[in-house]
Protein chains: 2
Amino acid sequence: MGQAVTIQDVAKLAGVSPATVSRVINGNGVVARHLADRVRAAVDTLDYRPNAVARSLRRKSAAVWQLIISDIENPFFTSMVRGVEDVAHAAGCSVVLCNADEDLGKERRYIEVALAERMSGVILSPASEEESEVEPLLRRGIPVVTVDRTLAERPATVHSVVTDNHRGAQLATAELLGAGYKSVACITGPLRVTTAQGRLAGYRSALASAGVRPRPELVRVADYKETGGRDAMLSLLELADPPEAVFVANNRMTIGALAAARQRSVSIPGDLGLVGFDDMTWSALTCCPLTTIAQPTYDVGASAARLLLEGPPGPSRPAKTVVLQPTLVVRGSSRR
Amino acid sequence: MGQAVTIQDVAKLAGVSPATVSRVINGNGVVARHLADRVRAAVDTLDYRPNAVARSLRRKSAAVWQLIISDIENPFFTSMVRGVEDVAHAAGCSVVLCNADEDLGKERRYIEVALAERMSGVILSPASEEESEVEPLLRRGIPVVTVDRTLAERPATVHSVVTDNHRGAQLATAELLGAGYKSVACITGPLRVTTAQGRLAGYRSALASAGVRPRPELVRVADYKETGGRDAMLSLLELADPPEAVFVANNRMTIGALAAARQRSVSIPGDLGLVGFDDMTWSALTCCPLTTIAQPTYDVGASAARLLLEGPPGPSRPAKTVVLQPTLVVRGSSRR
DNA sequence: CTGAAAGCGCTAACAG
DNA sequence: CTGTTAGCGCTTTCAG
């Protein structure tokens, strides 16, 4: 239960004041060469580690960023993490990751943690465009950047990074239409989330561009998880006039949709064309290799981190929205 | 940039001392009903949130656990997270997740963070049996539990939770042998990690039990990532006398191995039998549905969290190792 | 260039 | 039952 060694102990051993030790450690002020050397020696022999808690209390802010992701079981979010970490570490900040699990309650709880721990920045992929609450952070001067998704109320107060969901969905839908599938369904996510809205809108706009009459019964709003994708697909397949193809708006739902198709012995791409959103390491390995919309996940994270470093928007600096472009990866599932 | 409201402000508004406010908030000591009500009212009107940093400094420990996982892009680890979170939250602790990325340097860095932030516990899946350094934590009285993997040096000082890797690998290998594949290869992970050792040993022991002569050239040590799995598989396929089947010791390498087989037009299970370690949501969707060894991921996390709650081992309480059993999930890839 | 002193916001003795 | 007091370990004026 070793007592932690404090700055006092170091000061005593080096024969200087705590203030001098602090200056040496933080590179503030100017300290005579020989004293600085003595301090460093003392730090080494005592194996001193500054107490980050005391430092944060004094400085009124911790060198820690909080990254609140919507779903830790979704590889899109986890592969974004690396982008955030690399930029944060280069800037001397630690990143702590929290999993809100698409649950507004958990998200709120983690925002409380950020507040309580005086974190110096928060990167959030909000569980809801309308209901996610970032004001308390902003009021305390903690900068917020949203990733992947945006917030309805705060266009002027938070930066954000998104991919062009509308365009991604258009690419996906147009690919299926171009391959000769006459009717295309869409399984999107919860509409409280901006990505689900954008992907649905892009789907509709692609139908319109192609002069295809939209059939509302071909749209399903699911939960961005496997079971939701499966149920949505099963219900589409039960239609009297089932769709010839389907655009599935995220990776986890694509898994469910594929499972449903297999369960009903619907073969892809023969009986049904399919394009999924998010490319995965295993996308080429499914029974019929998957055509997908790939997002630049690392860049999404890295851009968000850079925006956080820029500091919050203000009167002179308007809030930025960085929009990254997705790409269509054509494999077998969209071409019969 | 709202000034944070402090316990002093609340005390003033409620007409009591800060100590009384503290007692009400923490439920310590006894406070007269009417005073407590006034305090709670003041807390509400001021929207007061205790400063967790100051509290940690005073209490010399934060109500935060750190979970250091080896690889955030590996679904095994991410699905373990939920188990940890649920137990932690029930115990009033927050969990921060850190990604060591199988890198001893990053792992060390995050251990420094735990030390600096005076976290109240650490759950770690060590990047190396020998080189991962937890002593500094133990010296400061911070309890450590290892998950998924164990440490060589500290059997008596840290609890751990693992799955029975030896048995899992035996099940996998025996399944392939039982299906009639004469020669079975093994692609395992970095041998500095105990899971990789255990799975290799289990593979060997299954060969021995079946009276199959081991062929050392059929063993590959890779990196637990897709590229390593792919390269290992390619090199196995190039052998003059290639194996009839392969046991791949983790999920990410299985993806690489499947990609390699496809690239070389090796068909599964006809040309090659395959069993992977870790079951995934998409395991049934690959070209040939995958036979896998499934681990109880949620329980691994939850058990680790419960061990952390129990407190560190001591003279009276020996270190525990909880061993959970994996199960064989038979699908197409192991039966020709 | 260096040290003394004050205080970040909270909790835990200790009095009353 | 409640208030006063004294720090937790650090950084940062302010003197010297």
Side-chain angles (χ1 to χ4, degrees), chain A residues 1-40 42-43 46-64 92 115-120 140-141, chain B residues 1-40 42-43 46-64 92 115-120 140-141:
Chain A
M1 219 67 57
Q3 325 304 344
V5 4
T6 74
I7 201 170
Q8 303 282 354
D9 302 323
V10 177
K12 202 164 296 170
L13 181 62
V16 298
S17 73
T20 298
V21 177
S22 172
R23 285 189 268 256
V24 172
I25 289 169
N26 298 294
N28 296 335
V30 198
V31 177
R33 187 61 177 275
H34 68 288
L35 286 190
D37 287 344
R38 256 156 54 195
V39 168
R40 274 185 285 266
V43 165
L46 294 177
D47 192 26
Y48 169 67
R49 296 150 208 258
N51 181 328
V53 177
R55 175 180 284 172
S56 298
L57 179 61
R58 184 59 233 235
R59 298 221 259 241
K60 297 176 161 232
S61 156
V64 179
L115 247 16
E117 300 287 347
R118 304 311 194 246
M119 308 232 177
S120 61
R140 294 285 176 82
Chain B
M1 219 68 59
Q3 323 306 345
V5 4
T6 74
I7 201 170
Q8 303 281 353
D9 303 323
V10 176
K12 202 164 296 171
L13 180 61
V16 298
S17 75
T20 298
V21 177
S22 172
R23 285 190 270 255
V24 172
I25 289 169
N26 298 295
N28 296 336
V30 198
V31 177
R33 187 62 177 277
H34 68 289
L35 285 190
D37 288 344
R38 258 156 53 195
V39 168
R40 272 185 286 266
V43 165
L46 294 176
D47 192 25
Y48 168 68
R49 294 150 208 258
N51 182 328
V53 177
R55 177 181 282 171
S56 298
L57 179 60
R58 182 60 234 232
R59 299 221 258 240
K60 297 176 161 232
S61 157
V64 179
L115 247 15
E117 300 287 347
R118 305 312 195 244
M119 308 230 178
S120 60
R140 295 285 176 83

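Side chains included, hydrogens not; waters and symmetry mates left out as well; all remaining heavy atoms used. Since the model is a prediction, treat every value here as computed from it, not as a measurement. Proteins come first, then strands; the chains are lettered A, B, ... in the order of their sequence lines, and each starts at number 1.
For A:R23, there are no side chain to side chain donor-acceptor pair (under 3.5 Å) partners two or more places apart in sequence or in a different chain. Qualifying side chain to side chain contact (heavy atoms under 4.5 Å, CB included) partners for A:A116, counting only residues two or more places apart in sequence or in other chains: B:A52. Legend: residues meeting side chain to side chain donor-acceptor pair (under 3.5 Å) with A:R40, ordered by chain and number and at least two apart, are A:D37. Residues meeting the side chain to side chain donor-acceptor pair (under 3.5 Å) test with A:S61, sequence neighbours left out: none. Take A:R49 and apply the side chain to side chain contact (heavy atoms under 4.5 Å, CB included) test, not counting sequence neighbours, and it matches A:D47, B:E112, B:L115, B:P136, B:R140. Under the side chain to side chain donor-acceptor pair (under 3.5 Å) criterion, B:S56 pairs with no residue, sequence neighbours left out. A:L13 meets the side chain to side chain contact (heavy atoms under 4.5 Å, CB included) test with A:A42, A:T45, A:L46; sequence neighbours excluded.
Looking at heavy-atom distances under 4.0 Å, A:V53 makes no contact with the nucleic acid at all.
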Could you pull out the protein-nucleic contacts involving nucleotides 12-14 of chain D (nitrogen or oxygen on both sides, under 3.5 Å)?
from	atom 1	to	atom 2	distance (Å)
D:dT12	O4'	A:R58	NH2	3.4

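The rotation axes computed at either terminus of the helix from C:dC1-D:dG16 to C:dG16-D:dC1 lie 40° apart, taking five pairs at each end and rounding to 10 degrees.
Of the residues near DNA chain D, B:V31 and A:A54, the one whose nearest nucleotide (by heavy atom distance) lies more toward the 5' end is B:V31.
Scanning DNA chain C 5' to 3' for nucleotides with an atom closer than 4.0 angstrom to a non-hydrogen atom of chain B gives a first and last hit of C:dG9 to C:dA13.
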